[in-house]
Amino acid sequence: CTVVTHQKKKNTNTYSFEPSVFNLENLSKNIFINNLSDKITIIPNPLYSKKTISEMNMSNTDLGGALSTFKEDYSYDGNKIQTIFKFRVPGATIDSLVEEYSLPYPDYLKIDVDGIEHLILKGATKTLQQVKSIFIEVNENFYEHKNTIEEILLKNDFEFVSKHSDIAIKSEKFKNCFNQIWFKKS
């Protein structure tokens with residue numbers, strides 16, 4: 001799920017991009033249970049480096065499942081994804097959605113999409129000029145992914161602040177996956 005947040009003093013508005021048909025129900029229920037319907041907008045489409053219609057490649061059909069991807073045939077680690085279900089859906093760039101829907105430029109981005117974070121950043125050139133900080137998942141063993149993320153963020157005047165592993169994941173295969181925090185230089 002990729003979340004774009006815009007903060008206006010005490011009010012925070014969040015745009016949550018969730019293309020998985022199996023995760024939309026859980027996201028909607030959580031928004032309802034937490035009484036956040038007026039604060040969170042669901043956009044049920046994937047983000048990508050360009051506007052396109054392609055396959056959402058699902059590696060599972062679990063509610064709340066992960067490790068699926070849009071358009072690409074690889075997963076979080078750069079290895080071929082084991083697709084068990086797919087459907088076609090339009091994908092867009094962050095820049096195009098901000099422009100077409102007159103969304104405010106976000107102050108903060110959270111990107112955790114299991115392997116195409118670097119491609120989403122490629123479609124956010126205008127948006128990155130406005131963003132204050134980014135929380136992004138990076139697999140340090142998937143070098144194209146890691147290096148492209150670093151190159152784009154450094155080019156856009158962000159500085160690396162810290163990285164954290166997800167304590168909920170106790171698997172050896174995720175040991176080099178980290179949530180990185182980047183701040184825009186002052």
Side-chain angles (χ1 to χ4, degrees), residues 1-32 34-58 65-66 68-74 76 81 85-138 144-145 148-158 180-184:
C1 175
T2 300
V3 180
V4 178
T5 305
H6 181 73
Q7 187 170 0
K8 297 178 188 173
K9 296 188 181 181
K10 292 185 180 181
N11 286 333
T12 298
N13 295 306
T14 299
Y15 298 87
S16 180
F17 298 86
E18 182 51 74
S20 169
V21 295
F22 303 106
N23 293 345
L24 281 171
E25 180 180 350
N26 285 344
L27 176 60
S28 300
K29 282 182 181 178
N30 281 324
I31 290 169
F32 173 74
N34 290 291
N35 196 28
L36 293 171
S37 296
D38 61 336
K39 300 287 183 199
I40 300 174
T41 300
I42 297 173
I43 300 174
N45 298 88
L47 293 172
Y48 194 65
S49 60
K50 62 184 178 184
K51 292 171 63 173
T52 188
I53 295 176
S54 192
E55 285 81 26
M56 186 66 198
N57 297 303
M58 307 296 296
S68 298
T69 196
F70 176 69
K71 189 167 175 29
E72 302 301 328
D73 65 352
Y74 56 82
Y76 76 97
I81 190 170
F85 173 70
K86 63 182 171 182
F87 56 92
R88 292 184 61 76
V89 63
T93 69
I94 293 175
D95 286 347
S96 67
L97 289 170
V98 167
E99 184 177 311
E100 291 170 21
Y101 291 103
S102 299
L103 300 176
Y105 279 105
D107 292 327
Y108 310 99
L109 291 178
K110 176 188 180 287
I111 307 176
D112 179 352
V113 293
D114 300 327
I116 65 167
E117 289 85 352
H118 62 302
L119 300 177
I120 291 170
L121 288 177
K122 285 183 177 183
T125 54
K126 291 179 185 175
T127 302
L128 289 175
Q129 295 172 19
Q130 306 296 320
V131 171
K132 296 176 183 175
S133 70
I134 296 176
F135 182 93
I136 189 166
E137 185 177 67
V138 178
E144 177 187 350
H145 179 252
T148 303
I149 288 170
E150 185 175 299
E151 178 183 310
I152 290 170
L153 293 178
L154 290 172
K155 180 181 173 184
N156 284 279
D157 294 324
F158 285 89
Q180 293 185 353
I181 299 173
W182 294 73
F183 286 152
K184 181 73 88 166

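Note that the structure is predicted; figures quoted are calculated from it, not measured.
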So, taking the atom named NZ in Lys39 and the one named CG in Asn34, what distance separates them when rounded to the nearest 0.5 Å? 14.0 Å
Set of residues satisfying side-chain hydrogen bond (donor to acceptor under 3.5 Å, both in side chains) with respect to Glu72, sequence neighbours excluded: Tyr48
Just so I know, are the side chains of Thr52 and Phe70 near enough to count as touching, which here means a heavy-atom distance under 4.5 Å? yes
Atom of Asn45, atom of Pro19 and distance for their closest heavy-atom approach: C-CB, 3.9 Å
Could you please spell out the steps behind the side-chain contact (heavy atoms from CB on, under 4.5 Å) verdict for Leu119 and Val113? CA-CA 10 Å; Leu119 300 177; Val113 293; over 6 Å; no
Nearest heavy atoms of Asp95 and Thr127, plus distance in Å: OD1-OG1, 2.6 Å
Are any non-hydrogen side-chain atoms of Tyr105 and Gln129 less than 4.5 angstrom apart? no
State, yes or no, whether a side-chain contact exists between Phe17 and Ile94 at a heavy-atom distance under 4.5 Å. no
Would you say the side chain of Asn13 lies within less than 4.5 Å of the side chain of Thr41, judging by non-hydrogen atoms? no
Which heavy atom of Asp38 sits nearest to which heavy atom of Asn35, and what is that distance? OD1-O, 4.2 Å
Hey, what do you get for CG (Leu128) to CD1 (Ile152), rounding to the nearest 0.5 Å? 7.5 Å
Between atom CG of Asn23 and atom OG of Ser28, what is the distance when rounded to the nearest 0.5 Å? 10.5 Å
Kindly say whether the aromatic ring centers of Phe85 and Phe22 come within a distance under 6.0 Å. yes
For Glu25, all residues meeting side-chain hydrogen bond (donor to acceptor under 3.5 Å, both in side chains), sequence neighbours excluded: Lys29
Contacts of Ser68 meeting side-chain hydrogen bond (donor to acceptor under 3.5 Å, both in side chains) (sequence neighbours excluded), chain-then-number -> none
Quick one: closest heavy-atom pair of Pro104 and Tyr15, and the distance? CD-OH, 3.7 Å
Find out whether Ile149 and Leu121 are in side-chain contact, i.e. whether some heavy atom of one side chain is under 4.5 Å from a heavy atom of the other. yes
List the steps and the verdict of side-chain contact (heavy atoms from CB on, under 4.5 Å) for Thr148 and Lys122. CA-CA 9 Å; Thr148 303; Lys122 285 183 177 183; 3.8 Å; yes
A side-chain contact here means heavy atoms from C-beta on lying under 4.5 Å apart; do Phe135 and Ile181 qualify? yes
Starting at CH2 of Trp182, measure out to CG of Leu154 and round the result to the nearest 0.5 Å. 4.5 Å
Taking all heavy atoms of Thr69 and all of Tyr74, pick out the closest pair and write down the distance. CG2-O, 3.3 Å
Evaluate whether atom CZ of Phe87 has more than 12 neighbouring non-hydrogen atoms of other residues, nucleotides or ligands under 6.0 angstrom away. yes
Tell me the closest heavy-atom pair linking Asn57 and Ile81, and the distance in Å. O-CD1, 3.6 Å
Student check: side-chain heavy atoms of Leu109 and Ile136 closer than 4.5 Å: no
Heavy-atom count check: over 12 atoms from other residues, nucleotides or ligands less than 6.0 Å from Glu99 CD? no
Could you please spell out the steps behind the side-chain contact (heavy atoms from CB on, under 4.5 Å) verdict for Ile134 and Gln180? CA-CA 8 Å; Ile134 296 176; Gln180 293 185 353; over 6 Å; no
Return the NZ to OG distance between Lys184 and Ser133, rounded to the nearest 0.5 Å. 11.0 Å
With rounding to the nearest 0.5 Å, note down the distance linking CG in Asn30 to CG in Leu36. 9.5 Å
Check: Tyr76 and His145 side chains under 4.5 Å, non-hydrogen atoms: no
